[in-house]
Amino acid sequence: MRVSKLFMPTLREVPSEAEIVSHQLMLRAALMRKLASGVYNFLPLGLRVLRKIEEIVRQEMNREGAQEILCSALLPSELWKESKRWDVFGPEMFKLKDRNDREFCLGPTHEEIFTDIIRNEIKSYKDMPLNLYQIQTKYRDERRPRFGVMRSREFIMKDAYSFDTTWEGLDESFNKMHRAYNRIFRRCGLDFKAVEADTGAMGGTGSMEFMVKSDIGEAEVVFCTSCDYAANIEKAPTFDVELEINEEYKDVKKVKTPNSRTIDELTKFFDTTPDKFAKTLIYRADDKVVAVMVRGDRDVNETKVINHLKCINLEMADEEIVKETTGANVGFAGPIGIKVDELLVDYEVKNAKNLIVGANETDYHIVNVNFGRDFEGTVGDFRNITNEDRCPKCGGKITINRGIEVGHIFKLGTKYSEKMKATFIDEKGEERPIIMGCYGIGINRTMAAVIEQNHDEKGIIWPVEIAPYQVIVVPVVMKDEEQVKAAENIYNKLQDIGIEVLIDDRDERAGVKFNDADLIGIPIRITVGKKIKDGIVEFKLRSSSEVIEIKEDEVVAKVKEALKMS
RNA sequence: CUGGGUGUGGCGCAGAUGGUAGCGCGCAAGAAUGGGGUUCUUGAGGCCGCUGGUUCAAGUCCAGUCACCCAGACCA
């Protein structure tokens, strides 16, 4: 491809709408343009990368015996109503009606559709195991699209679904996907880690997320520094550790704490540390109101709360409910005399002595409150792990980092097959629900994650496998016929052996060409300059600052070697 | 949804106390130059997000509205 003909409107300046590096570079390097919030158009270079990632995914999925199909993105509401997710997904779904008022949505995910396909076509244990996948556009009306393509409202997802007759079979299908995912993300040049993830309140028996370490990631991941334990913070458990506290139980006392409602303010007021407090947070869980108590320096882990309550929706209660349940303004909730359906008490609160809590009375707190003596509740693990905690697996030191979730593999079990009556006849002639797994990869997000991890101040540094083009040939001075001729010659030779190559035949200065080549991240650059009269050109890798002078006729061999071709 | 911020040529921005829009980059033409976004000359391009109001006069003040960004909440 000739750069002079390529639709590649690179941007010299950083668009003001982009905050994070991958987003900025995707715009600057002319990979894509925004159409609306969370909606993007892909330009030639961006599309090529997308297609390459898709192709890697396809190859590795096929290698594990999965078969590709393609479903519609336009989905009738019936299946969703059948699985009861029409309302659960709620405002996240783009819903629409046809001319006859029949309801549809743009598919946010396809469990129902694949389950439907299977229940219609599969009757016998002999038809399984089976793994079907598609690479298809998904639509989710996100509350807050973010960071360009990192969380967008339209995105390409590879979603796969496995169908097995036994739980062992599901494990095997799951492991196959685990292997495939490892190969996929490795080929994409990502530094990633498969971590344990929550399976959600809706059931399922196992779940792993493929996380790319990155500060801009939305997930928090717990890593052990001494063993291989890694888990989403939602999942990582904390335990009931009984502490030896050399302190007498003191008498409960109500204290006036005007204008002090946050832990921060209270810490100053009492001149103490946050761990001496227990905060009581009021939540609405479906139709119930619950309170959760954790130590003042901890965060409630809402996933754990949801799992305990087995509820669908959990959200912080609004001011009105707080006033109703506590009889006080927001900021003074406590366990004593609170009117909630259930009071959840984190282990640490149970094990602490003489805590300071809200008094359920505006402007008052109570000191020296102790679990068992002054209040009761359901004790459990309801907080986030912190780096003061020990590894749940080996007791070692842990660290917590942010991560981008690029893939998720999930043992669904019979959740959908039971709800939607997807059954098969087993060897004994008995009807049983099909055992399912589902496996997703965000293609666009993977692309962004690769850029997050592979860039420098000049631009993207594409890993060879997913680079839009592998080589760029740069004649330095377009007026120099010898340079141009030699460059064209190299370009043709590389193209002839099937290498994806660009030639920057624009009448621009060398600096412009180099900067663009660096910005769009082409792995190999061949520069044809003055020394061509001695038959010498330059070979440079984007990932290195080293410039190697080679003979003109060595270029093909050198490029092949760099691309690890025979 | 809550809180904060921003909307001025394609991009990045400037436009005190209201007086009818400017800079850099880019774009077009020409010339010189030719190894890291070169230089000079000339030129094209803007209902100042939208609607309404105040005023002799609104990019500027007021109200509403829309869009976009960020933090949080939320996310099979």
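The analysis underlying the following values was restricted to heavy atoms, covering all of them including side chains, and did not include hydrogens, waters or symmetry mates. Letters go in sequence order (proteins before strands), and every chain restarts at 1. Since this is a predicted model, take the numbers as computed values, not measurements.
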### Message
The test is salt bridge (charged side-chain N to carboxylate O under 4.0 Å, His left out); show your working for A:Arg2 and A:Glu488 and say whether it passes.
### Response
CA-CA 10 Å; A:Arg2 297 180 171 278; A:Glu488 291 282 350; 2.7 Å; yes

State the pairing partner of [N]; accept Watson-Crick or G-U wobble contacts with both distances under 3.5 Å, and report none otherwise.
N     : value
B:C27 : B:G43
B:G22 : B:C13
B:G37 : none
B:G72 : B:C1
B:U60 : none
B:U6  : B:A67

#### Entry: Nearest-nucleotide comparison on RNA chain B, the residue closer to the 5′ end among A:Glu111 and A:Val477
A:Val477

### Residue mapping more 5' on RNA chain B - nearest nucleotide basis, A:Leu314 or A:Ala510
A:Ala510

Measuring only the [atom1] atom in each nucleotide, how far is [N] from [M]? A whole number of Å is fine.
N     : M     : atom1 : result
B:C47 : B:G52 : C1'   : 16 Å
B:G19 : B:U65 : P     : 28 Å
B:C75 : B:C23 : C1'   : 44 Å
B:C1  : B:G9  : P     : 28 Å
B:U54 : B:G18 : C1'   : 11 Å
B:C69 : B:U55 : P     : 38 Å
B:G26 : B:A44 : C1'   : 13 Å
B:U6  : B:A76 : P     : 34 Å

### Query
Between A:Asp505 and A:Lys5, is there a salt bridge with N-O shorter than 4.0 Å?
no

#### Entry: Pair A:Phe210 and A:His178, ring centroids less than 6.0 Å apart
yes

### Message
Using a distance-only criterion (donor-acceptor N/O pair, under 3.5 Å, no hydrogens), is the base of B:G4 paired with the side chain of A:Arg144?
### Response
no

### Task
Would you kindly check whether a donor in the side chain of A:Asp518 faces an acceptor in the base of B:G36, or vice versa, at under 3.5 angstrom?
yes

Using a distance-only test with no angle check, is there a side-chain donor-acceptor pair under 3.5 angstrom linking [X] and [Y]?
X        : Y        : value
A:Thr303 : A:Asp198 : no
A:Tyr181 : A:Lys158 : yes
A:Ser83  : A:Tyr416 : no

Interatomic distance, [X] [atom1] vs [N] [atom2] [rounded to whole Å]:
X        : N     : atom1 : atom2 : result
A:Arg143 : B:G3  : CZ    : P     : 15 Å
A:Glu315 : B:U2  : CD    : C1'   : 12 Å
A:Leu519 : B:C25 : CG    : P     : 19 Å
A:Arg506 : B:G37 : CZ    : P     : 14 Å
A:Glu538 : B:G36 : CD    : P     : 11 Å
A:Ile113 : B:A76 : CD1   : P     : 18 Å
A:Glu19  : B:U6  : CD    : P     : 14 Å
A:Glu481 : B:G34 : CD    : C1'   : 16 Å

Under-4.0 Å side-chain N/O to phosphate OP1/OP2 contact, [X] with [N]:
X        : N     : result
A:Arg12  : B:G26 : yes
A:Arg146 : B:A71 : yes
A:Lys513 : B:G35 : no

Taking any heavy-atom pair under 4.0 Å as a contact, classify [X]: base, sugar-phosphate, or nothing.
X        : value
A:Arg33  : nothing
A:Glu508 : base
A:Asp141 : nothing
A:Glu218 : nothing
A:Asp516 : base
A:Met157 : base

### Task
Please answer whether the main-chain N or O of A:Lys288 pairs with a side-chain N or O of A:Asp286 as donor and acceptor at a distance below 3.5 Å.
no

### Summary
Of the candidates B:C69, B:G36, B:A71, the side chain of A:Phe147 sits closest to B:A71

### Message
Quick check for you: among B:G34, B:C69, B:G36, whose closest atom lies nearest to any side-chain atom of A:Lys34?
### Response
B:C69

### Query
Does A:Arg525 make a cation-pi contact with A:Phe514 (under 6.0 Å, within 45 degrees of the axis)?
yes

### Message
Could you tell me if A:Lys411 sits above the aromatic ring of A:Trp167, with its cationic atom closer than 6.0 Å to the ring centre and no more than 45 degrees from the axis?
### Response
no

Nucleotide N/O to protein N/O under 3.5 Å, stretch nucleotides 11-14 of chain B:
{"from": "B:G12", "atom 1": "OP1", "to": "A:Ser16", "atom 2": "N", "distance (Å)": "2.7"}
{"from": "B:G12", "atom 1": "OP1", "to": "A:Ser16", "atom 2": "OG", "distance (Å)": "3.0"}
{"from": "B:G12", "atom 1": "O2'", "to": "A:Glu13", "atom 2": "OE1", "distance (Å)": "3.3"}

### Task
Could you grab the distance from atom OG of A:Ser37 to atom CD of A:Glu17, nearest 0.5 Å is fine?
9.5 Å

